[in-house]
Amino acid sequence: MNKLDASEQKKLLEEEYPELAGEAPKKKEEEHRKGLPPLPNAVEGKVRVRFAPNPDFVIHMGNARPAIINSEYAKIYKGRMVLRFEDTDPRTKSPLKEAYDLIKQDLRWLGVEWHEEYIQSLRMDIYYKIAREMLTRGCAYVDTCGERGRELLRSGEGYCETRDASPEENLSLFDKMLEGHYGEGEAVVRVKTDPRHPNPSIRDWVALRIIDTERYPHPLVGSKYRVWPTYNFAVSVDDHLMGITHVLRGKEHALNTEKQLYVYKCMGWEPPVFIHFGRLKLEGFILSKSKIRELLEKQHDKFMGYDDPRFGTIAGLRRRGILAEAIRQVILEVGVKPGDATISWANLAAVNRKLLDERADRIMYVDNPVELRLEAPSCVEAEIPFHPSRPARKRKLRVCPGDGVLIEKNDASSGELRLMGLGNFRVDTGENLLSMVEDQSLDYARSKRVPIVQWVPASDAVPVKVLEPQGLELIVHNGYAEPAIRGYSVDSKLQFIRFGFIRIDEPGREPVAIYAHK
RNA sequence: GCCGCGGUAGUAUAGCCCGGCCCAGUAUGCGGGCCUCUCGAGCCCGUGACCCGGGUUCAAAUCCCGGCCGCGGCACCA
């Protein structure tokens with residue numbers, strides 16, 4: 001079978017399997033498969049989902065999963081998507097002022113659309129109000145026992161006495177909290193759960209605590225507030241108030257769901273549908289925010305910033321030349337499974353390559369150059385299209401007798417080769433000469449299986465620095481490209497023929513490119 | 001340690017709820033061929049998996065039990 005040529009193969013296929021060879025195969029079925037599974041309890045037009053990042057850093061591939069999945073479901077069900085910044089810890093997870101905008105940029109770039117936007121640190125009065133309501137209803141209390149209250153619950157031996165005090169007393173304790181009578185750790189609002197719950201973290205979990213914002217000012221609201229809601233409290237309140245119908249988040253939140261249900265129960269709210277999916281890794285990339293921050297701090301000169309192409313941040317992948325569409329595609333393929341998934345770089349690159357292939361112009365770049373002198377009776381000219389499927393757009397390259405031509409050192413073994421678009425030549429490595437072969441035709445090269453290689457006229461070769469991420473290292477290539485390279489602006493994606501796809505990181509006289517993949 | 005959730009080819013995913021149409025589909029990777037002025041793309045062929053052990057059943061990737069492995073959680077972090 002393999003020995004047959006394409007038309008023979010096709011013919012055979014048509015004879016043997018007529019139903020497979022048809023022009024319109026089962027495309028529809030496959031597209032159906034790529035979609036996300038239906039959401040339980042979802043009504044078209046009524047679905048409300050959310051993406052709720054902590055603005056303490058830019059988002060990465062792991063965060064892209066909930067962002068893309070949620071927005072995709074909003075699209076499927078013609079629902080609404082809420083973007084909510086969860087920035088209620090100015091102390092240990094201090095928000096980064098720039099991150100709010102950077103995250104929005106990344107989301108827009110990813111094609112994530114949202115219809116409403118909230119910032120938790122700007123909604124403090126709402127949390128206070130609900131806290132009061134819960135205190136009034138007697139399903140929360142102000143623990144003023146400090147370390148002792150915490151210890152009592154941890155050991156399961158009891159709880160702070162205020163748990164049994166009246167709502168009125170607790171309400172006034174809460175006022176004292178707000179008024180600044182207590183320091184950090186001296187008073188917290190706890191949600192009454194079960195003081196002997198098998199999981200100690202669920203026992204009367206903390207809904208609001210005091211943070212000394214004189215010492216740890218919040219980047220948005222400074223020292224205006226001292227009493228801050230915890231994640232679980234703020235999330236429950238917001239998910240309800242924002243009318244969220246489906247919560248899709250990582251499985252690290254499974255236990256939080258259990259905690260949050262106590263708020264719903266106390267307030268008589270109907271809880272949304274919760275769906276937890278596994279963690280996402282990107283093979284060979286660091287995703288951890290804290291690790292990236294650490295690297296940026298400790299090895300400042302080694303990395304280019306949060307968007308370094310060696311990082312798995314969205315910005316880093318973008319800078320690497322990965323298209324948003326490719327990221328969407330692999331994430332949608334992973335879907336909402338509870339299990340963890342490791343996206344292989346080969347897979348992401350393959351998807352990206354396919355998308356890039358139709359748009360990226362082909363440019364000749366010689367990575368490891370050796371200069372040969374052209375021996376020819378007269379000048380020769382090549383006309384090469386920028387893209388094989390758009391032959392009309394092309395540039396001319398001309399070399400004359402005595403001119404230097406750069407080719408890959410590896411290609412410069414003695415023998416014949418074809419300089420792409422130019423003609424067939426014989427290499428003399430001793431004299432560093434390129435002499436013309438009598439037959440200049442492409443057919444000659446084909447029939448003799450002469451390698452077809454890229455080349456650059458030495459006289460106007462443009463030095464190009466190509467940075468190739470490899471793990472945490474960056475390999476620097478110093479090669480030369482044809483002059484057409486100067487015509488591309490930042491962010492252009494090109495294919496360097498026989499080298500790989502690259503993205504222009506810095507245009508100019510001596511451009512800098514970043515290697516994406518083969 | 002305790003609690004929860006998972007385990008389909010190298011990777012990812014379909015099938016598992018409602019057992020048979022699954023000697024397990026798809027994508028990518030890998031090997032080969034055809035085609036193409038690229039080592040890219042396209043087309044074709046091939047390669048390769050139901051964690052292990054029991055049980056239920058005429059029939060199990062699918063249901064039950066046990067084990068092993070992996071991940072997550074056990075904060076006044078989100």
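Computed from a prediction, not measured in an experiment: that's the story for all the values here.
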**OP:** Report the residues that fulfil ring-ring contact (aromatic ring centres under 6.0 Å, His included) with Phe233(A), sequence neighbours left out, ordered by chain and then residue number.
**Re:** none
**OP:** Toss me the dot-bracket line for RNA chain B: Watson-Crick and G-U wobble, both under 3.5 Å, 5' to 3', using | for pairs to another strand and [ ] for crossers.
**Re:** (((((((..((((......[....))))((((((.......))))))...(((((..]....))))))))))))....
Original post:
Where the side chain of Gln495(A) is defined as all heavy atoms beyond and including C-beta, which of G40(B), G10(B), A75(B) is the nearest nucleotide?
Top reply: G40(B)
**OP:** Answer yes or no: side-chain N or O of Glu283(A) and base N or O of U11(B) forming a donor-acceptor pair under 3.5 Å.
**Re:** no
Original post:
Taking CZ from Phe277(A) and P from A12(B), how many angstroms apart are they, rounded to a whole number?
Top reply: 17 Å
Original post:
For Gly421(A), which contact category applies under a 4.0 Å heavy-atom criterion: base, sugar-phosphate, or nothing?
Top reply: base
Subject >> Whole-Å C1' distance, U56(B) and G20(B) >> reply: 16 Å
**OP:** Report the distance from atom CZ of Arg154(A) to atom C1' of C2(B), rounded to the nearest whole Å.
**Re:** 16 Å
Original post:
Mind checking the C1' distance from A61(B) to G7(B)? Whole angstroms is fine.
Top reply: 12 Å
**OP:** Please figure out whether Leu419(A) or Lys337(A) has its closest RNA chain B nucleotide nearer the 5' end.
**Re:** Lys337(A)
Original post:
With distance as the sole criterion, is a donor-acceptor pair present between the side chains of Asn256(A) and His253(A) under 3.5 Å?
Top reply: yes
Subject >> From U11(B), U13(B), U38(B), nucleotide with atom closest to Thr342(A) side chain >> reply: U11(B)
**OP:** Please measure how far the C1' atom in A9(B) lies from the corresponding atom in U26(B), and state the result in whole Å.
**Re:** 12 Å
Original post:
Taking atom P in both G10(B) and A49(B), what distance in whole Å separates the two?
Top reply: 7 Å
Original post:
When we call it a touch if two heavy atoms are under 4.0 Å apart, what does Ala350(A) touch: a base, just sugar-phosphate, or nothing?
Top reply: sugar-phosphate
Original post:
For the pair made of CG in Asn347(A) and P in A27(B), what is the distance, rounded to whole Å?
Top reply: 12 Å
Check nucleotides 76-78 of chain B for protein N or O atoms closer than 3.5 Å to its own N or O atoms and list the pairs.
unit_1: C76(B); atom_1: O2'; unit_2: Arg91(A); atom_2: NH2; d: 3.2
unit_1: C76(B); atom_1: N4; unit_2: Gly185(A); atom_2: O; d: 3.2
unit_1: C77(B); atom_1: OP1; unit_2: Arg91(A); atom_2: NH2; d: 2.7
unit_1: C77(B); atom_1: OP2; unit_2: Arg209(A); atom_2: NE; d: 2.4
unit_1: C77(B); atom_1: OP2; unit_2: Arg209(A); atom_2: NH2; d: 2.5
unit_1: C77(B); atom_1: O3'; unit_2: Arg209(A); atom_2: NH2; d: 3.2
unit_1: C77(B); atom_1: O2'; unit_2: Asp89(A); atom_2: OD2; d: 3.1
unit_1: C77(B); atom_1: O2; unit_2: Lys93(A); atom_2: NZ; d: 2.4
unit_1: A78(B); atom_1: OP1; unit_2: Thr88(A); atom_2: O; d: 3.4
unit_1: A78(B); atom_1: OP1; unit_2: Thr88(A); atom_2: OG1; d: 3.1
unit_1: A78(B); atom_1: OP1; unit_2: Arg209(A); atom_2: NH1; d: 3.4
unit_1: A78(B); atom_1: OP1; unit_2: Arg209(A); atom_2: NH2; d: 2.8
unit_1: A78(B); atom_1: OP2; unit_2: Tyr231(A); atom_2: N; d: 2.8
unit_1: A78(B); atom_1: O3'; unit_2: Glu86(A); atom_2: O; d: 3.0
unit_1: A78(B); atom_1: N6; unit_2: Asn256(A); atom_2: OD1; d: 3.2
unit_1: A78(B); atom_1: N6; unit_2: Asn256(A); atom_2: ND2; d: 2.8

Original post:
Are any of the side-chain nitrogens in Lys448(A) or Asp439(A) under 4.0 Å away from the carboxylate oxygens of its partner?
Top reply: no
Original post:
In terms of side-chain heavy atoms of Arg279(A), which of G10(B), C71(B), A12(B) is nearest?
Top reply: C71(B)
**OP:** Give, ordered by number, those residues of residues 352-361 of chain A having at least one heavy-atom distance below 4.0 Å to an atom of RNA chain B; if nothing qualifies, reply none.
**Re:** Arg353(A), Lys354(A), Asp357(A)
Subject >> Atom-pair distance (CD on Gln329(A); C1' on U28(B)), nearest Å >> reply: 12 Å
**OP:** Mind telling me whether Trp228(A) and Tyr225(A) have parallel, tilted or perpendicular rings, with 30° and 60° as the class edges?
**Re:** perpendicular
**OP:** Provide the distance between the two P atoms, one in G53(B) and one in C76(B), to the nearest whole Å.
**Re:** 45 Å
Subject >> Residues Arg50(A) and Asp239(A) bridged, charged N to O under 4.0 Å >> reply: yes
**OP:** Run through Lys93(A), Lys97(A), Lys289(A) and flag the one making a salt bridge (Lys or Arg N to Asp or Glu O under 4.0 Å) with Asp56(A).
**Re:** Lys289(A)
**OP:** Could you check whether Asp411(A) gets within reach of a base, just the sugar-phosphate, or nothing at all, counting any heavy atom under 4.0 Å?
**Re:** base
Original post:
Nearest-Å distance, CZ (Arg203(A)) to C1' (G73(B))?
Top reply: 15 Å
**OP:** Mind checking Phe501(A) for me? I need base, sugar-phosphate or nothing, with any heavy atom below 4.0 Å counting as a touch.
**Re:** sugar-phosphate
Original post:
Over how many whole Å does the gap from Gln454(A) atom CD to G40(B) atom C1' extend?
Top reply: 12 Å
Original post:
Considering only the P atoms, how many Å lie between C17(B) and C77(B), rounded to the nearest integer?
Top reply: 44 Å
Subject >> Residue whose closest nucleotide on RNA chain B lies nearer the 5' end, Ile452(A) versus Val330(A) >> reply: Val330(A)
Original post:
In whole angstroms, how far is the P atom of U11(B) from the CG atom of Leu280(A)?
Top reply: 15 Å
Original post:
Mind checking the C1' distance from C51(B) to C34(B)? Whole angstroms is fine.
Top reply: 40 Å
**OP:** Have a look at Asp361(A) and tell me which of Lys493(A), Arg393(A), Lys394(A) forms a salt bridge (Lys or Arg N to Asp or Glu O under 4.0 Å) with it.
**Re:** Arg393(A)
Subject >> Pairing residues for Arg503(A) by the side chain to side chain donor-acceptor pair (under 3.5 Å) criterion, not counting sequence neighbours >> reply: Asp491(A), Asp505(A)
Original post:
Which residue pairs satisfy the salt bridge (Lys or Arg N to Asp or Glu O under 4.0 Å) criterion with at least one member in residues 178-187 of chain A, sequence neighbours excluded?
Top reply: Arg91(A)-Glu184(A)
Subject >> Single hit among Thr162(A), Asp204(A), Asp143(A) for side-chain hydrogen bond (donor to acceptor under 3.5 Å, both in side chains) with Arg190(A) >> reply: Asp143(A)
Original post:
Any chance the side chains of Glu416(A) and Tyr444(A) put a donor and an acceptor closer than 3.5 Å?
Top reply: yes
Original post:
Base, sugar-phosphate alone, or nothing: which one does Leu255(A) contact when heavy atoms must sit under 4.0 Å apart?
Top reply: sugar-phosphate
Original post:
Which of these, Leu280(A), Ile68(A), Ile69(A), sits in a side-chain contact (heavy atoms from CB on, under 4.5 Å) with Val334(A)?
Top reply: Leu280(A)
**OP:** Determine the contact category for Arg418(A): base if any of its heavy atoms lies under 4.0 Å from a base atom, sugar-phosphate if only primed atoms, P, OP1 or OP2 are that close, otherwise nothing.
**Re:** base
Original post:
What's the CG-C1' distance between Leu422(A) and U38(B), to the nearest Å?
Top reply: 16 Å
**OP:** Please work out which of the three classes, parallel, tilted or perpendicular, describes the rings of Phe496(A) and Tyr365(A), given edges at 30° and 60°.
**Re:** parallel
Original post:
Mind checking the C1' distance from G46(B) to C63(B)? Whole angstroms is fine.
Top reply: 36 Å
Original post:
Applying the ring-ring contact (aromatic ring centres under 6.0 Å, His included) test to Tyr100(A), which of Phe85(A), Tyr118(A), Phe57(A) qualifies?
Top reply: Phe85(A)
